[in-house]
Amino acid sequence: MTGVGVLAAFLRSRREAQAYRLLGVARALTAIHGAVTAVITDTETSRTRDTGPATAAALDYGLSQRALIAVSGRTDDVAELLTRRLVTLAHSGLQALDPATVRAVVRQAVRDVRTAPPPPPADLPADPALAALRAVVDELAANTHAIGELMLEVAPAYLSDTDAADVLALLCEEIGEPLEHGLATRRYAMSGDRRALHGTVL
């Protein structure tokens, strides 16, 4: 491949990576906005001028692109947690669901989902040996998720794999971790999908 061909392929991969990131951001925002709007519409506070559905539609949640990308693969978890907390708060009567409160609840829900590894499968095998092996894999995945979060601190989610590799190469060398493992843990932390670890860590 010529130099021009290599450059064209590189630019194309960058555009595709950016498109996937933007889709992830949109997916996360849609889930969050849907949960917020549904709760506000169903509560008594939706009848007030300050906390009606129109306010929810215009609410800026103050979330970074990195945070949204990180939970884009777990939008159901975010929506479920957010709905549960907003409904509990609304029914408690202790605090109105004003924009500042909703924003704080949204940010905390996203933070909690980001930092918690995906739950293990509910259907545990009957074979004790297989169950023990799965427990080991689950623990490894949880530890790997934490490492992935550290990788994201060094190489933020808006970087493509190619750019992240340049940033993480020295770090992985220093800690004795293969670069492909570091990149895999980073992808896992962003997506929450264990398939990102296949062929490397798992």
Side-chain angles (χ1 to χ4, degrees), residues 12-92 95-122 141 145 148-149 151-153 155-161 163-164 183-197:
R12 185 166 56 252
S13 68
R14 289 289 298 274
R15 287 194 297 271
E16 290 173 353
Q18 179 64 12
Y20 280 120
R21 286 193 288 271
L22 291 177
L23 284 173
V25 168
R27 185 164 55 245
L29 278 175
T30 298
I32 291 169
H33 177 68
V36 170
T37 302
V39 173
I40 289 180
T41 301
D42 289 342
T43 59
E44 289 296 319
T45 55
S46 67
R47 299 194 183 117
T48 69
R49 182 180 59 187
D50 293 334
T51 56
T55 302
L59 186 62
D60 175 13
Y61 303 113
L63 296 167
S64 67
Q65 186 181 78
R66 174 184 170 185
L68 292 168
I69 292 172
V71 298
S72 63
R74 304 176 68 184
T75 53
D76 289 344
D77 293 340
V78 174
E80 180 183 355
L81 180 61
L82 184 55
T83 299
R84 186 167 67 249
R85 289 180 177 178
L86 287 175
V87 167
T88 299
L89 190 60
H91 290 172
S92 72
Q95 195 170 0
L97 293 184
D98 56 31
T101 300
V102 172
R103 187 181 298 111
V105 174
V106 168
R107 289 170 64 89
Q108 186 61 51
V110 169
R111 186 179 303 116
D112 289 346
V113 171
R114 282 184 68 191
T115 55
H145 189 276
E149 284 288 328
M151 294 293 173
L152 280 173
E153 292 293 331
Y158 60 79
L159 294 178
S160 67
D161 259 16
D163 292 338
L183 291 171
T185 63
R186 177 177 174 270
R187 289 192 293 269
Y188 177 46
M190 286 192 292
S191 68
D193 190 339
R194 289 190 186 182
R195 288 175 295 183
L197 305 175

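D112 CG to Q108 CD: the interatomic distance, rounded to the nearest 0.5 Å, is 4.5 Å. Here the CZ-CG distance, from R114 to D77, works out to 14.5 Å after rounding to the nearest 0.5 Å. The line from CG of D98 to CD1 of I40 is 9.5 Å long, rounded to the nearest 0.5 Å. Note that CG of L86 is 9.5 Å distant from CG of L81, once rounded to the nearest 0.5 Å. Between the OG1 atom in T185 and the CE atom in M151 there is a gap of 4.5 Å [rounded to 0.5 Å].
Side-chain atoms of R186 come within 3.5 Å of backbone atoms of A155 as a donor-acceptor pair (strictly under, hydrogens ignored).
Between Y61 and the choices I32, L68, V105, the side chain to side chain contact (heavy atoms under 4.5 Å, CB included) rule is met once, by I32.
Between A31 and T75, the shortest heavy-atom distance links the atoms CB-CB, 3.7 Å. Residues L82 and A35 come closest through the heavy atom pair CD2-CB, 4.1 Å. Across all their heavy atoms, L63 and R107 have their closest contact at CD2-CG, 3.8 Å.
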